[in-house]
Amino acid sequence: MSATLAEMLQALEDSALASGIRQSTWLYPFLEIVHILGIVLLVGAAFLFDLRLLGFSRKLPVPDLARHLLPWSRRGLYLIVPSGLLLFSTNAVALAADTVFHMKLLLLVVGGLNAGLFHRFLAPSSPDWGQGNTPRAAKAVALCSMVVWVAVITFGRLLAY
């Protein structure tokens with residue numbers, strides 16, 4: 001880690017906001033709860049969508065399910081990102097050096113790319129997918145999504161120990 005990055009991380013950790021979060025009896029646990037609620041929304045909706053792509057609930061049209069579930073995933077993201085950044089700020093130096101944290105971030109990138117690839121290249125043809133003809137590529141994306149989100153949650157929990 002470069003000296004400049006280390007100094008920036010230390011400044012973040014020493015900030016009044018990060019210190020206030022660490023010193024508060026209720027603020028850190030509150031941010032953890034918000035973070036977990038965001039995970040529930042994002043991953044719960046994504047899992048339900050992925051299960052449809054894998055062949056469950058075939059009577060539900062993929063585009064309709066996407067319109068219903070994916071906004072909930074986005075709302076989860078709106079909770080996860082700010083709460084995660086605030087939680088990170090309280091222990092920025094140690095987390096930035098932690099291999100488990102690096103793995104979590106890498107998996108988040110993989111999850112984002114996986115979702116982006118699905119929406120860019122596969123979702124446009126989803127109205128043509130009937131009750132049993134979801135393309136193998138969509139099924140592969142769904143399986144990847146499920147594995148990645150379980151791994152992200154696992155690495156996130158490992159950070160707590």
Show me, pair by pair, the donor-acceptor contacts under 3.5 angstrom made by side chains of residues 39-49, not counting sequence neighbours?
none

Could you check whether any side-chain N or O of R52 sits under 3.5 Å from a backbone N or O of L60, counting only pairs where one atom can act as donor and the other as acceptor?
yes
Nearest heavy-atom contact between A66 and P71 is O-CD, 3.6 Å
Rounded to the nearest 0.5 angstrom, the CG-CG distance for L122 and L53 is 9.0 Å
Closer than 3.5 angstrom, by distance alone: can the side chain of N91 be matched with the main-chain N or O of F88 as a donor-acceptor pair?
no
Which atom of S126 lies closest to which atom of P63, heavy atoms considered:
OG-CG, 3.6 Å
Do I21 and V34 belong together in a cluster built from hydrophobic side chains that touch within less than 4.5 Å?
yes
For the CG atom of L70 and the CG atom of L65, what is their distance to the nearest 0.5 Å?
7.5 Å
Distance-only donor-acceptor pairs under 3.5 Å for side chains of residues 95-119, two or more places apart:
unit_1 : atom_1 : unit_2 : atom_2 : d
D98    : OD1    : V100   : N      : 2.8
H102   : NE2    : A96    : O      : 2.6
N114   : ND2    : V141   : O      : 3.0

Do L77 and V148 belong to the same hydrophobic cluster, where Ile, Leu, Val, Met, Phe, Trp and Tyr are linked whenever their side-chain heavy atoms lie under 4.5 Å apart, directly or via other members?
yes
If you define the side chain from C-beta out and look only at heavy atoms, does anything of T154 sit under 4.5 Å from L158?
yes
Test of understanding: clusters of I, L, V, M, F, W, Y form through side-chain heavy atoms closer than 4.5 Å, transitively. Do V152 and I36 belong to the same one?
no
Quick check: does any side chain N or O of T90 sit under 3.5 Å from a backbone N or O of L87, one acting as donor and the other as acceptor?
yes
Which other residues end up in the same hydrophobic cluster as Y78, if Ile, Leu, Val, Met, Phe, Trp and Tyr are linked when side-chain heavy atoms come under 4.5 Å apart?
none
Could you name each residue pair satisfying side-chain hydrogen bond (donor to acceptor under 3.5 Å, both in side chains) that touches residues 35-50, not counting sequence neighbours?
H35-S83, D50-S145
Shared hydrophobic cluster for L51 and V62 (ILVMFWY, side-chain gaps under 4.5 Å)
no
Same cluster (ILVMFWY, side-chain, under 4.5 Å), W149 and M146
yes
d(L54 CG, T134 OG1) to nearest 0.5 Å is 8.5 Å
Those residues that, when tested against R67, pass side chain to side chain donor-acceptor pair (under 3.5 Å) (two or more places apart)
D64
Could you tabulate the donor-acceptor pairs under 3.5 Å formed by side-chain atoms of residues 5-20, not counting sequence neighbours?
unit_1 : atom_1 : unit_2 : atom_2 : d
Q10    : NE2    : D14    : OD1    : 3.0
Q10    : NE2    : D14    : OD2    : 3.2
E13    : OE1    : A92    : N      : 3.0
E13    : OE1    : V93    : N      : 2.8
S15    : OG     : L12    : O      : 2.8
S15    : OG     : A18    : N      : 3.2
S19    : OG     : S15    : O      : 3.1
S19    : OG     : R22    : NH2    : 3.2

